[in-house]
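Heads up, the thing below is written out as structure tokens.
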Amino acid sequence: MKVVLPDGSDLSVAEGATAADVAEAIGPRLAKAAIAAKIGDRVVDLATPVDEGDQVAILTPSSEEGLDVIRHSAAHVLADAATRLFPGTKVAIGPAIKDGFYYDFEFPEPVGEDDLPRLTEEIQRLLGASLPFERREVSKEEALALFKDEPYKLELIRDLPTDAVISVYRQGEFLDLCRGPHVPDTGRIGEVGLLSVAGAYWRGDSDNTMLTRIYGTAFPTKKELEDYLRRMEMARQRDHRRLGRELGLFSFQDEGPGFPFFHPKGMRVVNALLEYWRKEHLAAGYEEIRTPMILERTLWEHSGHWENYKDNMYFTVIDGVDFAVKPMNCPGGMLVYKSEQHSYRDFPLRMAELGQVHRHEMSGVLHGLFRVRCFTQDDAHIFCLPGQVEDEILGVIDLIRRMYRTFGFDKVHVELSTRPEKSIGSAEMWETAERALAAALERAGLEYVLNPGDGAFYGPKIDFHIEDVMGRTWQCATCQLDFIMPERLDLEYVGEDNQRHRPVMLHRVVLGSIERFLGILIEHYGGALPAWLAAVQVVVVPVADRHAEYAQAVKSALESAGLRVDVDLRAESVSKKIRDGEVGKVPFMLVVGDREVEQRSVTLRTRGSKETRSYALAEAVAFIGGECEVPGVASGA
RNA sequence: GCCGGUGUAGCUCAAUGGUAGAGCAGCUGAUUUGUAAUCAGCAGGUUGGGGGUUCAAGUCCCUUCGCCGGCUCCA
């Protein structure tokens, strides 16, 4: 009989052959590397028989799918080790995930990070034993009997549809309910490392039991595992919380959990970022407004926030009247809109607001600048005619992509989120809004993923995810279409027909949260921000005290050009000052000594490079000034 | 919020239940330095807060606060 290989060629194999036989027939090296196979779209065990005409691909650990198989198998070995070391342990689930795997357990005694070395040792012993993975298909009754002492497995089995094929895998002493596939034996898993222990609810529901989750990862070779651990360590080195402190940008205090404090250098960066932001928004036809932090409760009741968002809001009482601290800027922006009459001729009206919002996040989710309780949204509300909606969305998409490219975020992936359970407005309104967003995406030629039920409570949204240098993705920009709040807050405009109409409103952010975006940038650049964003752009390094006066003159010249400059007058060696400048991620350092004083010049050293170059002072100011120029469209000046 | 971990000087970390220490940073002084750490000295602490056990607590117990990791990528 014949099977079809991925390159389209046919391969003859004996009747009753398995995927492993196919691998063998292709070549001994492939057979050795093979860990699973793909028949059609199905990933299967190597022991799976193939049929006449099947599309067969052999999986090795070098593919994503192959890695998933070895990691999922590693999870089973972890469960084997855990149940051996801690008798009485109940097992839950253990899938492969991005970059690794986990397994959830209910242990009879507390198990923590300290137990990982023992578990790792046991895993290594099991890997060395090359225990075969044996698959068996069983009836539901048999499955229930096999797992009678495993409450979580029983729950899973009971939830399976009646016609489901139930398979179990055994390796060593460990039997697990599992769809598979797995590697042929534990000797084929490669190198396994356990990473961390954490709590996790059974099925992610906080009403359920808290289980102990052990995270790990597996790679075909020790080298790859070590590379991975090194990359993790690199990401740890780039942690914005650490860099933020070391670079003196911001801090967190016990007195304000989740509320960041920005220090002078942090504000320099924020202000540079906002300068860029304002340039882009001015050019894109936005006006800027600012609305109050605290507004009356009744407003939030009208807008629907009270009903849908009050668990995340902070409240206060002023002169016996209930007020709320704003968690979003839209109602305030809409009051600005309502403060005067509008004509269709005003549209589209683009009102931006760098609005600081407060949201009561659960204490356990706070995380540096990434998840805070107080942040600045680069918000805007666009009021327009129904017929202008698509063009406005396209304009927003264009602005988002242009601004992201400035930071090297060239890859963007897009999601369209639809009506959530908790929401307001009629079904028709939602349908119209969802269709409009989809249409704009089609016109922009952007591919997107549908994310049902993840929209805001007042309307569907398009989310933009960026990818940083370490391959992590972040949702930042969002563009939401809202027919509902204009209705609830009774917004109007006078149309061409001299009648009153309801405007359509778009909510959108580009950077999302200024604080979070800064955190992303810090990690993306490893603290070495582009010169235009750097808190200190230039350090002037006098060689000896007698050069201090000239160094100050150099500083003044640079500052006159609008640059952020420090001069290092400490009685330290040049080497020490250079080192501190490098550690401080300063883009440019200017060394001035006898030579420079005499020639009215400077010697420039650029961050990360040992090479130096001499400039006349005026040339240096022009050059560095150019390098530090805030990007963006020319403001016309 | 929940589970686990953790909390010692500004930072990174030491200290069998028995006198709280080091490096860096800071300050003072000396040094005047040419591209990633000059030398010396000084100062720095209610060991997160509160309570308890003990002759004795940084260390053990309780409680509270902060921080760190995690809380469906579904056998």
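By convention in this document, chain letters (A, B, ...) are assigned in the order of the sequence lines, proteins followed by strands, and residues within each chain are numbered from 1.
Between the P atoms of C3(B) and U64(B), the separation comes to 11 Å (whole Å). A gap of 13 Å separates the C1' atoms of G17(B) and C61(B), to the nearest Å. Taking the P atoms as reference points, G45(B) lies 14 Å from A22(B), given to the whole Å.
Checking C71(B), C74(B), A36(B) against every side-chain atom of V365(A), the shortest atom distance belongs to C71(B). Closest approach to the E582(A) side chain among A36(B), A75(B), U38(B) is made by A36(B) (side chain taken as heavy atoms from C-beta onward). Considering only the side chain of R213(A), U72(B) comes nearest among C74(B), U72(B), G34(B).
Using a 4.0 Å heavy-atom cutoff across all strands shown, E596(A) reaches at least one base atom of the nucleic acid. D254(A) comes within contact range of the sugar-phosphate backbone alone, with a heavy-atom separation under 4.0 Å but no base atom that close. Using a 4.0 Å heavy-atom criterion, one finds that R595(A) contacts the bases of the nucleic acid, with or without backbone contacts as well. Within the nucleic acid shown, K153(A) comes within 4.0 Å of sugar-phosphate atoms alone, with no base atom in reach, counting heavy atoms only. Using a 4.0 Å heavy-atom criterion, one finds that H367(A) contacts the sugar-phosphate atoms exclusively. No engagement by L211(A) is indicated, since no non-hydrogen atom pair under 4.0 Å with the nucleic acid exists. Using a 4.0 Å heavy-atom criterion, one finds that R203(A) contacts the bases of the nucleic acid, with or without backbone contacts as well. Residue contacts for V165(A): at a heavy-atom cut-off of 4.0 Å it reaches a base atom on one of the strands shown. Note on P95(A): nothing from the nucleic acid sits closer than 4.0 angstrom, heavy atoms only. Within the nucleic acid shown, T212(A) has no heavy atom closer than 4.0 Å to any nucleic acid atom. Among the protein residues, V541(A) comes within range of no part of the nucleic acid, since none of its heavy atoms lies under 4.0 Å from any strand. Within 4.0 Å (heavy atoms only), I93(A) reaches sugar-phosphate atoms of the nucleic acid but no base atom. Nucleic acid contact class of D104(A) (heavy atoms, under 4.0 Å, all strands): none.
The aromatic ring centres of Y103(A) and F105(A) sit less than 6.0 Å apart.
With hydrogens and angles left out, the side-chain atoms of S417(A) and E415(A) include no donor and acceptor closer than 3.5 Å. In the model, H360(A) has no side-chain atom that pairs as donor or acceptor with a side-chain atom of D311(A) under 3.5 Å. Under the 3.5 Å distance criterion, with hydrogens and angles disregarded, no donor-acceptor pair is assigned to the side chains of Y152(A) and D104(A).
A sub-4.0 Å separation between OP1 or OP2 of C68(B) and a side-chain N or O of R241(A) is present. For U12(B), one of the phosphate oxygens OP1 or OP2 lies less than 4.0 angstrom from a side-chain nitrogen or oxygen of R245(A). Residue Y215(A) has a polar side-chain atom (N or O) positioned under 4.0 Å from OP1 or OP2 of C71(B). An OP1 or OP2 oxygen of A37(B) is reached within less than 4.0 angstrom by no side-chain nitrogen or oxygen of R579(A). Under 4.0 angstrom from either OP1 or OP2 of A25(B) there lies at least one side-chain N or O belonging to K576(A). OP1 or OP2 of U33(B) lies within a sub-4.0 Å distance of a side-chain N or O belonging to R546(A). Residue T612(A) places none of its side-chain N or O atoms closer than 4.0 Å to OP1 or OP2 of U35(B). Listed pair S573(A) / U38(B) meets the phosphate criterion, a side-chain N or O lying under 4.0 Å from OP1 or OP2.
For A14(B), there is no paired nucleotide, since no Watson-Crick or G-U wobble pair has both relevant distances below 3.5 Å.
Taking every heavy atom of both residues into account, Q537(A) and P587(A) meet most closely at O-CD, 3.5 Å.
Taking the centre and axis of the six-membered ring of F219(A), the NZ or CZ atom of R71(A) falls inside the cone set by 45° and 6.0 Å.
Comparing G593(A) and E361(A) by the nucleotide of RNA chain B that holds the closest heavy atom to each, the one mapping nearer the 5' end is E361(A).
Residue E246(A) places no side-chain atom within donor-acceptor reach of the base of G10(B), judged by atom type and a 3.5 Å distance cut-off alone. For Y201(A) and G70(B), a side-chain-to-base donor-acceptor distance below 3.5 Å is absent, hydrogens and geometry of angles not being considered.
E572(A) and R579(A) are not joined by a salt bridge, as no carboxylate oxygen comes within less than 4.0 angstrom of a charged side-chain nitrogen.
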